[in-house]
Number of protein chains: 2
Amino acid sequence: MAGDGTIGKACDVLDQVAAFQRPVRFAELLESSRFPKATLYRFLQSLTNQGMLSYDPDRQTYAPGLRLVRLAHAAWTQSSLAPIARPFLDTLSGETGETVHLAQLDSGQVLYVDKRNAAQPVEMYSQAGKVGPAYCTGVGKAMMAFLDEAELNKVISQQSFHRFTEKTLASEAALRSDLELIRSRGYALDDEEHETGIICVACPIRTPGGRMLGAVSVTGSTERMNFDQLEAWIPRVRRVAEQIAAEAQAWRFPETRPDGQKDRIQAT
Amino acid sequence: MAGDGTIGKACDVLDQVAAFQRPVRFAELLESSRFPKATLYRFLQSLTNQGMLSYDPDRQTYAPGLRLVRLAHAAWTQSSLAPIARPFLDTLSGETGETVHLAQLDSGQVLYVDKRNAAQPVEMYSQAGKVGPAYCTGVGKAMMAFLDEAELNKVISQQSFHRFTEKTLASEAALRSDLELIRSRGYALDDEEHETGIICVACPIRTPGGRMLGAVSVTGSTERMNFDQLEAWIPRVRRVAEQIAAEAQAWRFPETRPDGQKDRIQAT
DNA sequence: CATTTTAGTTCCATATACTGGAACTTAGTT
DNA sequence: AACTAAGTTCCAGTATATGGAACTAAAATG
């Protein structure tokens, strides 16, 4: 992180507030902040004035502000794969009857941008916008496996390798070897690596030119199914990933550049 | 706008990019920007590095970035009424069988933070995060009617008074007189003021202490119903608004302050 | 009730880092 | 090949962010 002057610092503060997952007091922020008191204070003031944070005068707490919701709507519409992928996710969810996720990479984390839950009606933001670890989820590994060396190194450096379950791949070496496998067979498995009882298959969404855009997954529970059943869906998942990629290519990345020219660093 | 130094300016740029509703080129932004070329350029660079914007190197276009989606998830969870209101909206939608909206004010605009569409399954971000005009929607007028004088003046100054239909209240005077009526009877009507064929009833969500938090509405179409039918729902809508207010009070605004002490200006 | 402690806010001289005109590079066009 | 437009970099000047310290308000304590 760091860098990018005032803007970068302001974004850090936003992230910090968001990370608390609850309204947070000035003192708490100050503690976990690299900024001195007066500086942090002024940042909070400005961000609050701008609606990027909201301030509760009763409890004297800060929380991410509604202006972010407004901006995110535009972001979701324009720079996520969700609008493009929607019909394909509907199909996949209908066919499998299982939970379907669409994810993209953001700051080395898995950002879920859409979801279909076959059983109950769709939960809104509660799922879109949610983040998860990349190194121990199907979608995360599917995406990482198809990054180029430089990007992958950066993303790996951002992983915490926390051991969520006894099956979690909690080291870089274990992860890299699994990524190798994923790269060769074209899809990723999550064998209760993040949550006990939850297994999933995921395919990367890649442009014909090789650009990695995101991933789709179908999730099941060990109570109702095993990997043999889940792996049977792989051709369909792959097909959906290809369809999304084709649409994305047409809508957003019209002229591919198979050569690796200087690209400005995207949000990674 | 203006003010708030670099942070305010950066937010302006974000809004500007979002306003285009499509990926936008540097030159287009420059045209509609109050910043000189080099300055705008540096802002775009920093925001892109931070993931607040995404940059498509092929088309050389900027769009709101995925980091906003991540941040908005936290905002929606923590500072919107949506999580609190969810069960009540479900009930209301079930009872009425009509479309139900939950909205809050942001920068003088109506920000829809949740929605129930009785017919088809919930659409995700496509609706949450969407904004609309305040002066010609039921929820907008319901909220404005219960602002204090200072806030109301500010919000009114932010209205465009564009005439969407021949029934639109396209002047401050007309609006103020309707707000008077709304204040006295406790609910707002939208009689095809925003969209022909669309009518709605809306109630404000207010704490016992009088703080205006948002609004709930039930929307119908003139094809299937008239105001007599719609107004029959008002007691239920009001009840739901009260329930949400009570919950919000308990969760987020525990000690009310009926006195009007200095409040830091919230996102308005 | 007086006192201490903690939390939050304001001040101001300093220096950092933002500014923007202009020059430059690159890509597309005639 | 010359021209035009779009995008990028440079750099001196200065506006603006910075943060130590002083201040105020509100709890906690004796």
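Bear in mind the structure is a predicted one, so any value in this text is a computation, not a measurement. Just so we're on the same page: letters track the sequence lines, and every chain starts at 1.
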Between [atom2] on [N] and [atom1] on [X], what's the gap in Å once rounded to a whole number?
X      : N       : atom1 : atom2 : answer
L44(B) : dT9(D)  : CG    : P     : 13 Å
E31(B) : dG7(D)  : CD    : P     : 11 Å
R59(A) : dA7(C)  : CZ    : C1'   : 17 Å
E28(B) : dA5(D)  : CD    : C1'   : 14 Å
D58(B) : dA27(C) : CG    : P     : 14 Å
Q45(B) : dA17(C) : CD    : C1'   : 16 Å
R34(A) : dA17(D) : CZ    : C1'   : 14 Å
R25(B) : dA6(D)  : CZ    : C1'   : 7 Å

Side chain to side chain contact (heavy atoms under 4.5 Å, CB included) with [X]: which residues, sequence neighbours excluded?
X      : answer
R42(B) : A38(B), T39(B)
T61(A) : P23(A), R25(A), D56(A), R59(A)
Q16(B) : L29(B), S32(B), S33(B)

Is the shortest distance from a Lys or Arg side-chain nitrogen in R86(B) or E247(B) to a carboxylate oxygen in the other one below 4.0 Å? no

Between D106(B) and R70(A), is the closest basic N to carboxylate O distance under 4.0 Å? yes

Can you name the salt bridge (charged side-chain N to carboxylate O under 4.0 Å, His left out) partners of R176(B), sequence neighbours left out? E149(B), E172(B)

Euclidean distance, L111(B) CG relative to W76(B) CH2, rounded to 0.5 Å: 12.0 Å

Matching residue for F43(B) among T48(B), D12(B), T6(B), L53(B) - test: side chain to side chain contact (heavy atoms under 4.5 Å, CB included): T6(B)

Per the end-axis method with five pairs at each terminus, what is the bend angle of the helix from dC1(C)-dG30(D) to dT30(C)-dA1(D), to 10°? 40°

I want to check one thing: is the phosphate of dG7(D), taken as OP1 and OP2, less than 4.0 Å away from some side-chain N or O of Y41(B)? no

Please write out the pairs of protein N or O atoms and N or O atoms of nucleotides 18-20 of chain C separated by less than 3.5 Å, giving the distance to one decimal.
unit_1: dC18(C); atom_1: OP1; unit_2: T6(A); atom_2: N; d: 3.1
unit_1: dC18(C); atom_1: OP1; unit_2: T6(A); atom_2: OG1; d: 2.8
unit_1: dT19(C); atom_1: OP1; unit_2: K9(B); atom_2: NZ; d: 2.9
unit_1: dG20(C); atom_1: OP2; unit_2: T39(B); atom_2: OG1; d: 3.2
unit_1: dG20(C); atom_1: N7; unit_2: R42(B); atom_2: NH2; d: 2.8
unit_1: dG20(C); atom_1: O6; unit_2: R42(B); atom_2: NH2; d: 3.4

Judged by atom type as modelled, is there a donor-acceptor pair below 3.5 Å linking the side chain of Q159(A) to the main-chain atoms of Y135(A)? yes

